[in-house]
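FYI, side chains are in, hydrogens and waters are out, and symmetry mates aren't considered; it's all heavy atoms of this structure.
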Amino acid sequence: MATNFWELLQQHQGDLTKSGRTVADYLVQHAAEAQYLSISSLAKECCVAEATVFRFCRALGFEGYHEMRISLAQANATGALVNQHVPEPDADTAALCEHASALLMTTINGTQNNLSPEAVDKASELMHKARQVYCLGQGGSMYIANDICARFACISTKFRTAGDSHMQLITASLMTPEDVVLFVSYSGATRDMLETLRAAKAAGAKIILLTHYEDSPGAKLADIVLLCGAQESPLDSGNIPVKVALLYVAEVLVLRYTMDDPENANAAQDRTSEALAVKML
């Protein structure tokens with residue numbers, strides 16, 4: 001079987017349904033953007049059902065959407081796409097610094113454009129009313145969630161985290177309607193995350209999701225969705241610009257939370273800063 005995505009597409013053109021050819025046409029015309037789309041987003045762009053996209057993937061010989069998306073990204077990486085700028089193999093460190101800076105600025109600007117101020121306001125309000133706020137994530141996102149929790153812990157004792165996916169599921173099952181989950185997931189579609197969010201929702205807890213995909217399964221379970229604008233290729237999972245985008249959203253949320261109750265927040269920060277200053281002597 002051919003391994004190049006475009007070879008596979010050409011090889012299986014005759015196997016596609018009319019709606020499958022719609023998906024194929026979109027991928028041909030929007031190859032660079034399509035590799036960043038979730039199955040829900042691609043289906044929406046093509047005006048077809050998710051099942052149609054899945055059948056398209058199977059018609060090309062892929063097990064599912066993720067495998068197809070990786071193949072598309074690999075084809076893009078070797079295809080000299082327009083607007084795809086990568087450092088030359090002999091680039092010096094100064095050029096790499098400029099490249100990294102451009103990536104991060106693009107990430108921040110994209111996130112600023114995607115983030116809804118109204119959603120941030122509502123998220124802050126939910127957290128202020130909450131008995132406890134659980135900052136959760138899985139895989140690399142768990143470390144980001146821990147950083148967010150540590151940042152909020154300097155303001156209030158209501159912020160918690162909860163270990164791995166098993167501990168998160170146990171914690172979610174014991175939540176109450178007075179609790180809030182602040183979950184970090186770029187894809188918004190991992191199976192363990194969905195199990196945790198369903199358990200939290202069944203317990204009555206409110207859910208705030210930090211993600212890139214507003215039409216992801218996790219977003220459908222969330223009460224509030226905070227969007228980051230960074231794009232992550234399936235060939236570059238866990239890249240630093242995505243982490244920066246998520247932390248940018250978190251910082252905006254921290255600022256809003258602080259400004260919504262400045263007296264208590266500033267007093268708490270003064271006390272924690274004083275405690276840490278003594279520790280450093």
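Under a 3.5 Å cut-off, the side chain of H212 and the backbone N or O of C228 do form a donor-acceptor pair.
F159 meets the ring pair (Phe, Tyr, Trp, His ring centres under 6.0 Å) test with F152, Y257; sequence neighbours excluded.
E67 and Y65 share no side-chain donor-acceptor pair at under 3.5 Å. Side chains of S41 and S38: a donor-acceptor N/O pair is present below 3.5 angstrom, by distance only.
A pairwise comparison of heavy atoms in T211 and S187 identifies OG1-C, 3.8 Å as the closest pair.
Exactly one residue among T196, V133, L197, L209 makes a side chain to side chain contact (heavy atoms under 4.5 Å, CB included) with V181. That residue is L197. Checking V249, L253, L227 one by one against L115, the side chain to side chain contact (heavy atoms under 4.5 Å, CB included) holds for a single residue, V249.
At least one side-chain heavy atom of L27 sits less than 4.5 Å from a side-chain heavy atom of L42.
Listed by first then second residue, pairs satisfying salt bridge (charged side-chain N to carboxylate O under 4.0 Å, His left out) with a partner in residues 31-44 number zero, not counting sequence neighbours. Residue pairs meeting the side-chain hydrogen bond (donor to acceptor under 3.5 Å, both in side chains) criterion with at least one member in residues 119-131, sequence neighbours excluded, are S124-D260, E125-K129, R131-D179. The salt bridge (charged side-chain N to carboxylate O under 4.0 Å, His left out) pairs that include a residue from residues 180-205 number zero, where partners must be two or more places apart or lie in different chains. Residue pairs satisfying the side-chain hydrogen bond (donor to acceptor under 3.5 Å, both in side chains) criterion with at least one member in residues 143-157, sequence neighbours excluded, are listed as follows: N146-T161.
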Would you list the atom pairs, donor with acceptor, under 3.5 Å between side chains in residues 45-56 and any protein atom, with sequence neighbours excluded?
residue, atom, partner, partner atom, Å
E50, OE2, S40, OG, 2.7
T52, OG1, R55, NH2, 3.4

